[in-house]
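Some notes on the structure that comes next.
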Amino acid sequence: LTVARGVLDLAGTGKLDNVPVTLDWKENFAGDSIRTRYRLHGTFDDEARHKLGVDWLPDMIAGPVGVDLSFQRHRNDFADSDIALDLTNASLTIDRIGWKKAPGTPASAHLVISARNEQPTRIDDLTVHGGGLEARMGMTLTGSEIDARIAHVDLHRLTVGKTDIS
């Protein structure tokens, strides 16, 4: 932990609801247009994601998910999160398109979430790769942080096995 000239820097390891994580956090109390920056890395199983309120798509994702999260909050109350997910050890199922991925099959996802006043507004650069699935899309969101809903989807690419749906 370092505090100097209106800036707090914290780096190290710890536990987030009993999940081992590494964290780099910088808080700017004055000056810089970016007020808060942090990077968090850890692996979260079903129970941990549920406890933390981030068990999105529980019918589609089961098992441990590696998370590499970079977050920035600007002084104008805009924020963005850049999230890389390692889905290799998770099982994934999308019943609507008849696709499944078993644990151990390499897979990853990436997304950028934009927010204003702690309300998610957009998901950009959402990509999923692995197990015969390739997807790239963006989404516009409505609702609050807790009950965000998809208002619009821009599907740029969707390939399942040898079928290119895009």
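Along the sequence shown, residues carry numbers from 1.
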query: Got more than 12 heavy atoms from elsewhere within 6.0 Å of CZ, Arg35?
result: yes
### Message
For His110, I'd like to know if atom NE2 has over 12 heavy atoms of other residues, nucleotides or ligands within 6.0 Å.
### Response
yes
Heavy-atom side-chain contact between [X] and [Y] under 4.5 Å:
X	Y	answer
Ile150	Leu141	yes
Asp68	Arg39	yes
Asp164	Arg157	yes
Leu133	Leu158	yes
Thr43	Val19	no
Pro103	Asn89	no

Same hydrophobic cluster for [X] and [Y], using side-chain heavy-atom links shorter than 4.5 Å among ILVMFWY?
X	Y	value
Val67	Val54	yes
Phe78	Leu111	no
Leu69	Trp25	yes
Leu85	Val112	no
Leu10	Ile34	no

Closest non-hydrogen atom pair, [X] against [Y]:
X	Y	result
Thr88	Pro106	OG1-CA, 3.5 Å
Asp46	Gly63	OD1-N, 2.8 Å
Gly130	Glu134	N-OE2, 4.3 Å
Phe71	Ser81	CD1-OG, 3.3 Å
Val7	Phe29	N-CD1, 4.1 Å
Thr105	Gly131	CG2-CA, 3.9 Å

With side-chain contact (heavy atoms from CB on, under 4.5 Å) as the criterion, how do Asp17 and Phe44 come out once you've worked through the C-alpha distance, each side chain's angles and the decisive distance to 0.1 Å?
CA-CA 10 Å; Asp17 211 343; Phe44 299 85; over 6 Å; no
Interatomic spacing from [atom1] in [X] to [atom2] in [Y] - rounded to 0.5 Å:
X	Y	atom1	atom2	answer
Leu87	Lys101	CG	NZ	7.0 Å
Arg73	Glu27	CZ	CD	8.0 Å
Leu40	Thr22	CG	OG1	6.5 Å
Asp9	Arg37	CG	CZ	10.5 Å
Ile94	Asp59	CD1	CG	12.0 Å
Asn117	Asn76	CG	CG	9.0 Å

Query raised in the report: Is there a donor-acceptor contact under 3.5 Å linking the side chains of His74 and Asp80?
Result: yes
Can a donor-acceptor pair be found between the side chains of Asp154 and His156 at a distance below 3.5 Å?
no
- Query: Are any of the side-chain nitrogens in Asp32 or Arg75 under 4.0 Å away from the carboxylate oxygens of its partner?
  - Reply: no
Is a side-chain N or O of Thr121 found less than 3.5 angstrom from the main chain of Ser114, in a donor-acceptor match? yes
